[in-house]
Peer 1: 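Structure in structure tokens, see below.
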There are 2 protein chains.
Amino acid sequence: MPQSGKHVTLRELAAHAGVSRSTVSLVLQESPLVARRTRERVMAAARTLGYVYNRGAATLRSAHTATLGVVVHDIANPFFGAMVAGIDETLQNADYVPFLVSSGNSVARQQRLITRLREQRVDALLLCPAEATPAALIDTIADWGLPCIEVMRHVGDTPRGHYVGADIRAGLARAVAHLIDQGHQRIALVTGTGHSSADRERMAGYREAMQAASLAPDIRTGSNDLTRRAGLVRTLEIMKAPTPPTALICHNDLMALGALLALNRLGLMPGIDCAVVGIDDSDEAALGEPALSSIATHPHAIGQAAAGLALACLRGPGGDAQRIVLDTSLQVRASTDPTSGHLWELS
Amino acid sequence: MPQSGKHVTLRELAAHAGVSRSTVSLVLQESPLVARRTRERVMAAARTLGYVYNRGAATLRSAHTATLGVVVHDIANPFFGAMVAGIDETLQNADYVPFLVSSGNSVARQQRLITRLREQRVDALLLCPAEATPAALIDTIADWGLPCIEVMRHVGDTPRGHYVGADIRAGLARAVAHLIDQGHQRIALVTGTGHSSADRERMAGYREAMQAASLAPDIRTGSNDLTRRAGLVRTLEIMKAPTPPTALICHNDLMALGALLALNRLGLMPGIDCAVVGIDDSDEAALGEPALSSIATHPHAIGQAAAGLALACLRGPGGDAQRIVLDTSLQVRASTDPTSGHLWELS
DNA sequence: TCAGTGTTTTGGATCGATCCAAAGACTGCT
DNA sequence: AGCAGTCTTTGGATCGATCCAAAACACTGA
């Protein structure tokens, strides 16, 4: 059936079905106005002709593309992998398609990508901003009239517009409390440069909890490379001090897993000689040896929430900036509590 | 400068710059026909008005969207993370934008996604087909006149159209030879269902090499879940036989890392009691303890090659189906050769 | 000054859908 | 039959760019 060669147009489809273009258009939009029998006739014709809807043409008139821009700063990070899966799932039901691009944490690249997305006339933007993104960007995007939702990170001290994230602060408080419970006193926080909102949130939650327990905060900022390798290298560095920390809270699971590797190399027993906590509770956290304690941020749910919020913005322009902050929870495993045993989680 | 509210059109831009629409159009296409001074005037006007090119409108006339569809089967797999980064990079230079979608290895979902992409009139498709994709799909896509490049996997026995992949077969031969060299005889291949082309290629390379050495092949097929968790579970199963294999070649690094975890749990020393080889040489392979030997498939380069080939197809329709197969190499590390020492690779 | 040549610029038609106001078809009721 | 009230269908006009053939312009040399 599907004709090779040029595309079938709505006009031809109308001719074939013996109705007007307008009627066909209504059918394609699933309008309730058109009679059932007519709709069926048109659908049948569409099938036999191999008609493909041309969203670009529709966009020109209706100013709505059924696409969403998604900008992340590191596509290879498993957190974003899971988040994107959540986004995908939610959009799927609404027949939206995501344009997914990765800024590689470069502001210049992010700028170019956003321009590209704007040329494509995406209906909305989900943005995990690159570090050092100028605070004005969000206002600029708002000026453009492009709905934008910041995810997990935000530029400036507090989200200026819509925001979806996780309650990292509470998570950190819980993690610190747990470590203190386990008898730790020298608890360090290993994070990025300290300038991104994600870093600041971690630092705030950590600092509060430490101060509440009258312990001296020990924050180790570094580069914005937040990979396994960075976790490894930085832990090697940290642990060679004369009186190193006895517990590390790492910026994310990747770095925490790197920290575990470092401890191994140093001949230290993770969880016994030094406790390690990650953030994200990625799939790998539960599997390792020792299993990694982690603050669960539920990336899949965050992706769903963000996409859902975007769709809501598009349906009704609504009013105020929404701020969705999902709960976190602490998964205690062997890397902080050797007695937690080998409850291997094989689903 | 950027006006809030409605979009500036090319028409307004032309009026503001005191030239005709056609001239502006030529400027935007960077045509050499227009005089330098005119071009500058138009560019300046574009800046002051905050003009944004409307690619959708352009598409309607010129039948070319500057977008590429990219369909992978598991976005969370680090191989695809790196591959997508390579694609992104190459497209960036050509001002193309990728539509990235994930089929989750479901044929039905893949079908829907491809329809969505077709509605968006993507100029070409990069496809890592879901398992059990009907062989006819590639022909159908060709009938549509949509250039398509299969990546890493292909439907049917042999690629029907353009294909970019890695020489897995040679890699497997090398891996088997290396293991035999290390004195192994009971070498098992742990792979997916055995039905995807990726599986078949692994099996073929493995079988040849084993037969060449007069050893009995031992192929363990299973589900098409190719994750760390699957590697763990399946290795636990495999190793509880009375005379288990002494070496495992796993479908990818994720599964191999899972296998290492399993050996740990069983109290076996990876690399000594049982050797493990992965495929992909992902970032994590080099970092673990023991470090994982792996067949390097260079996902970044594959992404670049695939995107490059797609762009080439678009420039000149060219002729024959191209088949690009990149070399693989074997990275020997402690998981197969304990004497390889701790040459920790910290770049 | 003018024909000849090469360089720039231009208006009208066009791509494939949607929007809108108004026409047509049908029903039930007087 | 005539009319009001629904339910369906319809033909322009339109969105914002590109394409193309032809017009305008700028030189050059006779």
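Every chain is numbered from 1 and lettered A, B, ... according to where its sequence line falls, protein lines coming before strand lines.
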Peer 1: Just wondering, do V72(B) and L100(B) contact through their side chains at under 4.5 Å, heavy atoms?
Peer 2: yes
Peer 1: Which comes earlier along DNA chain C counting from the 5' end, the contact point of R121(B) or that of P32(B), where each point is its nearest nucleotide?
Peer 2: P32(B)
Peer 1: I'd like to check the side chain to side chain donor-acceptor pair (under 3.5 Å) partners of Q304(A); sequence neighbours left out, ordered by chain and number.
Peer 2: E89(A)
Peer 1: Can you tell me how far apart CZ (F80(A)) and CD1 (I75(A)) are? Round to the nearest 0.5 Å.
Peer 2: 10.0 Å
Peer 1: Just checking T9(B): base, sugar-phosphate only, or nothing, at a heavy-atom cut-off of under 4.0 Å?
Peer 2: sugar-phosphate
Peer 1: Can you list everything that forms a side chain to side chain donor-acceptor pair (under 3.5 Å) with Q110(B)? Sequence neighbours excluded, please.
Peer 2: T133(B)
Peer 1: Going by number, which of residues 51-65 of chain B have a non-hydrogen atom under 4.0 Å from DNA chain C?
Peer 2: L60(B), R61(B)
Peer 1: What pairs with A82(B) under side chain to side chain contact (heavy atoms under 4.5 Å, CB included), at least two apart in sequence or on another chain?
Peer 2: P299(B)
Peer 1: Do any side-chain nitrogens or oxygens of T23(B) fall under 4.0 Å of OP1 or OP2 in dT10(C)?
Peer 2: yes
Peer 1: For the helix from dT1(C)-dA30(D) to dT30(C)-dA1(D), figure out the bend between the end axes, five pairs an end, and round to 10 degrees.
Peer 2: 50°
Peer 1: Considering residues at least two apart in sequence or located in another chain, which fulfil the side chain to side chain contact (heavy atoms under 4.5 Å, CB included) criterion with D123(B)?
Peer 2: H64(B), T65(B), Y96(B), L314(B)
Peer 1: Restricting to side chain to side chain contact (heavy atoms under 4.5 Å, CB included), what partner residues turn up for D95(A), sequence neighbours left out?
Peer 2: R112(B), R116(B)
Peer 1: Can you name the residues that form a ring pair (Phe, Tyr, Trp, His ring centres under 6.0 Å) with F79(B), not counting sequence neighbours?
Peer 2: none
Peer 1: Tell me which donor-acceptor pairs under 3.5 Å the side chains of residues 14-21 of chain A have, and how far apart each pair is, sequence neighbours excluded?
Peer 2:
from, atom 1, to, atom 2, distance (Å)
S20(A), OG, S22(A), N, 3.4
S20(A), OG, T23(A), N, 3.3
S20(A), OG, T23(A), OG1, 3.1

Peer 1: Report the residues that fulfil side chain to side chain contact (heavy atoms under 4.5 Å, CB included) with A306(B), sequence neighbours left out, ordered by chain and then residue number.
Peer 2: L126(B), V151(B), V164(B)
Peer 1: Would you indicate, yes or no, if dT10(C) has its OP1 or OP2 atom less than 4.0 angstrom from a side-chain nitrogen or oxygen of S22(B)?
Peer 2: no
Peer 1: Using chain A heavy atoms and a threshold of under 4.0 Å, write down where along DNA chain D the contacts begin and end, 5' to 3'.
Peer 2: dT8(D) to dG16(D)
Peer 1: Considering every strand and a 4.0 Å limit on heavy-atom distances, what is the contact class for V24(A): base, sugar-phosphate, or nothing?
Peer 2: nothing
Peer 1: Indicate every side-chain donor-acceptor pair of residues 31-40 of chain B with a distance under 3.5 Å to a residue at least two apart or in another chain.
Peer 2:
from, atom 1, to, atom 2, distance (Å)
S31(B), OG, L33(B), N, 3.0
R36(B), NH1, E40(B), OE2, 3.0

